[in-house]
Amino acid sequence: MTEKIGNVSLVLDDYPGRDIYSDGEIEDELLEIAKTTAPDQFDRVVAEKKNWAVMYHFSTIRTNILSWYPFKKTDSVLEIGSGCGAITGAVAEKAGHVTCVDLSKKRSMVNAYRNRDRDNVEILLGNFQDVEKKLPASYDYITLIGVFEYGRGYISSDTPYLDFLKIIRRHLKPGGKILLAIENRLGMKYWAGCTEDHSGVLFEGIEGYPDNDRVRTFSKPELEKIMHLAGFESWKFYYPYPDYKFPMAIYSDEYLPKKGDIRGNVLNFDRARVNLFDESKAIDAMVDDGLFPLYSNSFLVVIDGGRT
């Protein structure tokens, strides 16, 4: 079964009939914003509402993570975990076609309304493990923006994160790429006093998630190990700052921050934090020692699918 919102199709063949996860009543407000607000007015609404959920889903700063990427009009993109569409429009602006996959119908309706004038977006509802069986092996890019950490919820196996990448790889064209954005569990902000993004627990990621078997993020060496075990041979790390959610700068190994470039990062918009030390001075020390890539707050990894 398919529903239409403007030009966007919502395919419900694998939708279980109810949203498995929800943030509650705020999602109704998000849907109303998407229905009644032009995209060029989203930042105005964010400023007026002063609400974390509205900011997270509608701030145009969110798009910085991929708006610079050189997608082409001939590219087909699979966006896994598209949610309310914070990234969808930025990708659809450049790519030829974007296929979204998400569990939530309410969030997918938000996505559809904000992109209803686009004719190159479709949304498939359902758990990725069910939907992917019907997906072609023909995507130029597959995006995982704030999704990989939930791999245990997508994939039922003893090694869900490894298997998630293996399954995704099957749907890439030869030479296709995976774009993966995720927090670094050893990011400097967590040492300095920010709580873990998903649980709100201080030092949980640094301590290796001793009491959390639902969501987890990874250090750079851990990600490299998973990618290698999944059969990938080539990848490139980028370092969004202050993180991949609201990136104001995106560094790379070819262009790392210099001493003094990073100053005053004491904000944590979703919840309160403590300040255990001067984070900027600590980053300067890491920069001096060439360790910034290990302590970047988050990563954007471009993974080469190979097999050309």
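Both backbone and side-chain heavy atoms feed into the values below; hydrogens, waters and symmetry mates do not.
Closest approach of Glu279 to Arg273, counting heavy atoms only: OE1-NH1, 3.2 Å. The minimum heavy-atom distance linking Thr88 with Ser82 is given by the pair OG1-CB, 4.0 Å. Here the closest non-hydrogen pair linking Val77 and Tyr139 is C-CD2, 3.8 Å. Nearest approach of Gly193 to Leu202, heavy atoms of both residues: O-CD2, 3.4 Å. Nearest heavy-atom pair across Leu12 and Glu3 is CD1-OE2, 3.4 Å. The two residues Glu93 and Lys73 come nearest to each other via the heavy atoms O-NZ, 2.9 Å.
The backbone N or O of Ser296 lies less than 3.5 Å from a partner atom in the side chain of Asn184, making a donor-acceptor pair. A donor-acceptor pair under 3.5 Å links the side-chain atoms of Asp278 to the main chain of Lys281, judged by distance alone. Judged purely by atom type and a 3.5 angstrom limit, Glu222 uses its side chain to pair as donor or acceptor with the backbone of Ser219. Put simply, the side chain of Ser252 gets close to the backbone of Glu254: a donor and an acceptor are under 3.5 Å apart. Judged by distance alone, the side chain of Asp261 and the main-chain N or O of Lys258 form a donor-acceptor pair under 3.5 Å. For the pair Asn297 (side chain) and Met188 (backbone), a donor-acceptor distance under 3.5 Å is present. Looking only at distances, no side-chain donor or acceptor of Lys35 sits under 3.5 Å from a matching main-chain atom of Tyr113.
Cluster annotation: Phe164 is not connected to Leu229 through the hydrophobic network of ILVMFWY side chains, with a link wherever side-chain heavy atoms come within less than 4.5 Å. When the side chains of ILVMFWY residues are joined at heavy-atom separations under 4.5 Å, either directly or via intervening members, Ile61 and Ile33 end up in a single hydrophobic cluster. The cluster map of Ile, Leu, Val, Met, Phe, Trp and Tyr, joined by side-chain heavy atoms under 4.5 Å apart, puts Leu180 and Leu162 in different clusters.
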Given salt bridge (charged side-chain N to carboxylate O under 4.0 Å, His left out), test Asp14 with Lys134 step by step and report yes or no.
CA-CA 10 Å; Asp14 294 295; Lys134 304 172 185 176; 3.2 Å; yes

Please step through side chain to side chain contact (heavy atoms under 4.5 Å, CB included) for the pair Arg114 and Val8, ending with a clear verdict.
CA-CA 10 Å; Arg114 69 195 295 175; Val8 178; over 6 Å; no

Is there a side chain to side chain contact (heavy atoms under 4.5 Å, CB included) between Arg170 and Lys166? Walk through the geometry before answering.
CA-CA 7 Å; Arg170 296 202 298 254; Lys166 287 181 176 179; 5.8 Å; no

Show the numbers, then the answer: is there a side chain to side chain contact (heavy atoms under 4.5 Å, CB included) between Glu183 and Asp243?
CA-CA 7 Å; Glu183 298 89 349; Asp243 58 27; 5.9 Å; no

Does the pair Ile182 and Leu223 meet the rule for a side chain to side chain contact (heavy atoms under 4.5 Å, CB included), with working shown?
CA-CA 10 Å; Ile182 189 171; Leu223 283 174; 3.9 Å; yes

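Between Asp253 and Tyr239, the side chains place a donor N or O and an acceptor N or O closer than 3.5 Å (distance only, hydrogens not considered). Side-chain contact annotation: Tyr190 with Asp197, donor-acceptor N/O pair under 3.5 Å present. In this structure, a donor-acceptor pair under 3.5 Å is present between the side chains of Thr60 and Asp43. Side-chain atoms of Tyr209 and Thr217 form a donor-acceptor pair, as typed in the model, at a separation below 3.5 Å. One side chain, Ser157 or Asp163, offers a donor N or O that lies under 3.5 Å from an acceptor on the other.
To the nearest 0.5 angstrom, Asp19 atom CG is 8.0 Å from Ser108 atom OG. We find the CG-CE distance between Asp102 and Met109 to be 13.0 Å, quoted to the nearest 0.5 Å. Note that CZ of Arg62 is 5.0 Å distant from CD1 of Ile87, once rounded to the nearest 0.5 Å. For the atom pair CD1 (Ile26) and NZ (Lys49), the distance works out to 8.0 Å, reported to the nearest 0.5 Å. The CG atom of Asn120 sits 11.5 Å away from the OG atom of Ser76 when rounded to the nearest 0.5 Å. In this structure, the separation between OG on Ser298 and NZ on Lys189 is 7.0 Å, given to the nearest 0.5 Å.
Within 6.0 Å of the CD atom in Glu48, the count of heavy atoms belonging to other residues, nucleotides or ligands exceeds 12. Enclosure of atom CZ in Arg18 is not indicated, since only 12 or fewer non-hydrogen atoms of other residues, nucleotides or ligands lie within 6.0 angstrom.
Val201 belongs to no multi-residue hydrophobic cluster, having no ILVMFWY side-chain contact under 4.5 Å with any other such residue.
By the 4.5 Å heavy-atom criterion applied to side chains, Tyr154 and Val147 are counted as neighbours. For the pair Ile283 and Tyr295, the minimum side-chain heavy-atom distance is 4.5 Å or more. Side-chain contact check for Lys106 versus Ser22: every heavy-atom pair is 4.5 Å or farther apart. Contact of the His57 side chain with the Val110 side chain is not registered, since no non-hydrogen atoms from C-beta on lie closer than 4.5 Å. You'll find the side chain of Pro293 stays beyond 4.5 Å of the side chain of Phe237, heavy atoms only. With a 4.5 Å cut-off on side-chain heavy atoms, Pro257 and Phe292 count as touching. No side-chain heavy atom of Phe58 sits less than 4.5 Å from a side-chain heavy atom of Thr37. At least one side-chain heavy atom of Leu186 sits under 4.5 Å from a side-chain heavy atom of Trp191.
With respect to Asp304 and Lys236, no salt bridge is recorded, no charged nitrogen being found less than 4.0 Å from a carboxylate O. For Arg152 and Asp213, the salt-bridge test fails: no basic side-chain N is under 4.0 Å from an acidic carboxylate O. A salt bridge links Arg107 with Asp23: the closest approach of a Lys/Arg side-chain nitrogen to an acidic carboxylate oxygen falls below 4.0 angstrom. Of the charged side-chain nitrogens involved, none lies within less than 4.0 Å of a carboxylate oxygen, so that Lys72 and Asp140 do not count as a salt-bridged pair. Taking the charged nitrogens against the carboxylate oxygens, Arg185 and Glu196 have no contact shorter than 4.0 Å, which rules out a salt bridge.
Checking each of Tyr251, Tyr255, Phe299, Trp68 against Tyr238 for a ring-ring contact (aromatic ring centres under 6.0 Å, His included) leaves exactly one that passes, namely Trp68.
The aromatic rings of Tyr69 and Phe71 lie tilted to each other, with the angle between the two planes from 30° to 60°. The aromatic rings of Phe218 and Phe148 lie tilted to each other, with the angle between the two planes from 30° to 60°.
For Tyr244, there are no ring-ring contact (aromatic ring centres under 6.0 Å, His included) partners two or more places apart in sequence or in a different chain.
The six-membered or imidazole ring of Tyr56 lies away from that of Phe269, with a centre-to-centre distance of 6.0 Å or more.
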